[in-house]
Structures are given as C-alpha cells and as structure tokens.
Amino acid sequence: MLSLTLSADQPFNLDKTLSCGQVFRWVEAGGWWTGIVGDKVIRIRQDGDHLTWDGTDEPFIRHYFSLDLDLPAILSGIDRDPIIHQAIEECRGLRIIRQPPWECLVSYIIATFTNIPSIKRRITLLCREFGNEISSGGEACFSFPTQEALARAEECQVRACSLGYRAPYLCQVAQQIEANPGWAGTIRKLPYEEARTELMQYRGVGRKVADCVLLFGFGRLEAVPVDVWIERIIRQHYLNSGEKANYEYLRRYAQDYFGPFAGYAQEYLFCMRNDIAKK
DNA sequence: TGCCAGGGCCAAG
DNA sequence: CTTGGCCATGGC
C-alpha cells in the first residue's frame, strides 16, 4: 500500500474526478475506488489531503490524475461568469484524467447515443469477453481488449456485449488502428484541428467523439466535446435564444470564450449538468 | 410505457 | 455545406 500527501495549494477531489463521467471503469465501494487501467488493477481512496492506493506506483498516479498540473491557475483562467463559477465552487478538485488513447477511443465510440450506466455496463461486458484476466486477489478482473483482439473478434460476438449497431464500428476501427500502429504518435504531433480531422477518419468517430479523445486521451485541454447536455447549457446560459448554432459553432464559441483550458470548463459544466441544464 | 441518452453514417436537398 | 432518417439498447 502506497500513499502521498497532496500539496495544500493543489486541490484534488478523487470522487468528483472518478464519478463525473469521463472514465467508465472505476467502481466505488466502502470508500475505496477500484479501477482497471491498462493491465493494472488499482485501488485508491482519499482522506483529506492524503491519497492511499495499491496496484501501481506514485509516478503513474501523479500522471494519470494530472496531479502535475496547476489546477488553480486553470480554474482562474476559465472562471468567467456566475454559471461556470458555480460549477468551479461545486466541483473544485476535479481533474481531467489522462486516459490511454486506445481505451479512450473505444470507450467514446461505445459512448455514442446512450447513457453513462449503459456505457459502463457495455465496456464491462466487452472487457470480460475480449480482455485478459488479471489476477487481483478478489473477483476476476479483465484488461481492456487490445486492438488485435478486437480486430480479430467476430462482429456478432461484439454485438453480444449489448453494443447494437456500434459493433461493426468497433471491429472496423480496431482493424484501422491495427493497420496504423503509429496512429497515436501521429495524432500527438498534429495541431488541434488537424488532429481532429485525422481522428475523424476512423470508423464511428465524428466531431464529438474526436473531441472527447483529444481531451481525455491526448491531453488537449482546449478540446470541447459538445454532447446534448453541454449544448443545452451553452444555449440556455450563453447564447441568445433562437441563435443559430451547429456543433462547430458551439464548440468554437466555448473555446473562444473560455480560452486554452476550455476543456476543463466543459467538464466542470458537464459535472453540474443536472443542476444547471433544464429540460 | 414512452422518452431519452457524453452521436455517427449516409442519402438527399 | 446542411438537413433528416435511421440506427440497438437499456435507464428512468
């Protein structure tokens, strides 16, 4: 069991970070969060300024939870109006996690046109079916399926994980990625707009999924995924009623308005969606 | 029970 | 370039 003490000037809220809907493989029970990242089973809890965990080392924890970033500086940069201010007050300490790109890509393809409980359930089924079993001492845990495993999977077997019409997307994107193993390095080197265009070449990846992958999988903190909730919030609180706005308009609006850390603003607003988005 | 969900694809206008 | 129908599934 390892531990670290958070610095007093760098807030971190483990519960908000893991429950806000950016990751789908963490479960809380009895004050402990258990999650599977790569081939590691990690158990972690927070007591005030103290983190305690096992399953990985401290550098991984610091990197995965972005503990190296100056969160107060980020939050003061986006704190531009009473709406986002309320979200910052309520969710302070929420940090955007650095997800493995492949897991992030597949997860957000699965996340299209559904709800968060269903996403978690489907990813669990997919890992059980196509991942590798990891010994964890407790109940059986499974790693996220590799691109090779999904590329070779039978579509009907993928579909059996309650994935519906997304099953062929997953099989095809796995084959595309397998044929282009340097894909993540390519994305990482490109500027935002070009990286986005590159990502959208993959099956099942449109504007919104591309923005999610850039934000959560590649640390592009300027990316603003616009799902139905964020669209509602921007329309209700930031635009004139009836103002014409498609996806690109909404995304650019948020990026121009909130600045280089607009992705953080997006995630804080998303975390507060049930309080600030009506209907 | 019906509506909705961290949308994307594809054809038609 | 923009719009509209369609898509499987399960939570609420």
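The model shown is predicted, which means the values in this text are computed figures rather than measured ones. Labels below follow one simple rule: chain letters A, B, ... track the order of the sequence lines, proteins then strands, and each chain is numbered from 1.
With sequence neighbours excluded, the residues satisfying salt bridge (charged side-chain N to carboxylate O under 4.0 Å, His left out) with A/D47 are A/R45. Taking the side chain to side chain contact (heavy atoms under 4.5 Å, CB included) definition, one finds that A/A195 meets it with A/I187, A/L190, A/L214, A/R220, sequence neighbours left out. Under the side chain to side chain contact (heavy atoms under 4.5 Å, CB included) criterion, A/S19 pairs with A/W33, not counting sequence neighbours. In terms of the side chain to side chain contact (heavy atoms under 4.5 Å, CB included) criterion, A/S135 has no residue partners (sequence neighbours excluded). Not counting sequence neighbours, the partners of A/R159 by the side chain to side chain contact (heavy atoms under 4.5 Å, CB included) test are A/E155, A/A167, A/P168. When the salt bridge (charged side-chain N to carboxylate O under 4.0 Å, His left out) test is applied to A/R207, the partners found at least two apart in sequence or on another chain are A/E248.
Grouping Ile, Leu, Val, Met, Phe, Trp and Tyr by side-chain contacts under 4.5 Å, direct or through others, puts A/W32 with A/M1.
Residue ring and base: A/W229 does not count as stacked with B/dG6 (centre distance below 5.5 Å and interplanar angle below 30° not both satisfied).
Within a heavy-atom distance below 4.0 Å of DNA chain B, the residues of residues 205-223 of chain A found are A/V205, A/G206, A/R207, A/K208, A/V209, A/F216. Remark: A/S162, A/G164, A/Y165, A/R166 in residues 160-168 of chain A come within less than 4.0 Å of DNA chain C through at least one heavy atom.
Of the side-chain N and O atoms in A/R232, one or more sit less than 4.0 angstrom from OP1 or OP2 of B/dA5.
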Can I get a per-line list of side-chain donor-acceptor pairs under 3.5 Å for residues 75-82 of chain A, giving both atom names and the distance, sequence neighbours left out?
from: A/S76; atom 1: OG; to: A/P72; atom 2: O; distance (Å): 3.2
from: A/S76; atom 1: OG; to: A/A73; atom 2: O; distance (Å): 3.0
from: A/D79; atom 1: OD1; to: A/H85; atom 2: ND1; distance (Å): 3.0
from: A/D79; atom 1: OD2; to: A/H85; atom 2: ND1; distance (Å): 2.9
from: A/R80; atom 1: NH1; to: A/Y257; atom 2: O; distance (Å): 2.7
from: A/D81; atom 1: OD1; to: A/I83; atom 2: N; distance (Å): 2.8
from: A/D81; atom 1: OD1; to: A/I84; atom 2: N; distance (Å): 3.0
from: A/D81; atom 1: OD1; to: A/Y238; atom 2: OH; distance (Å): 3.1
from: A/D81; atom 1: OD2; to: A/Y238; atom 2: OH; distance (Å): 3.1
from: A/D81; atom 1: OD2; to: A/Y257; atom 2: OH; distance (Å): 2.7

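In the set B/dC9, B/dG6, C/dG11, B/dC9 carries the atom at the smallest distance from any side-chain atom of A/Y169.
Among the atoms of the strands shown, base atoms are found under 4.0 Å from some heavy atom of A/R122. A/F270 comes within contact range of at least one nucleobase, with a heavy-atom separation under 4.0 Å.
Listed by first then second residue, pairs satisfying ring-ring contact (aromatic ring centres under 6.0 Å, His included) with a partner in residues 152-201 of chain A read A/W183-A/F218, not counting sequence neighbours.
With a cut-off of 3.5 Å on both pairing distances, the Watson-Crick and G-U wobble pairs of DNA chain C assemble into stems of 3 or more at B:2-5 with C:9-12, B:7-13 with C:1-7.
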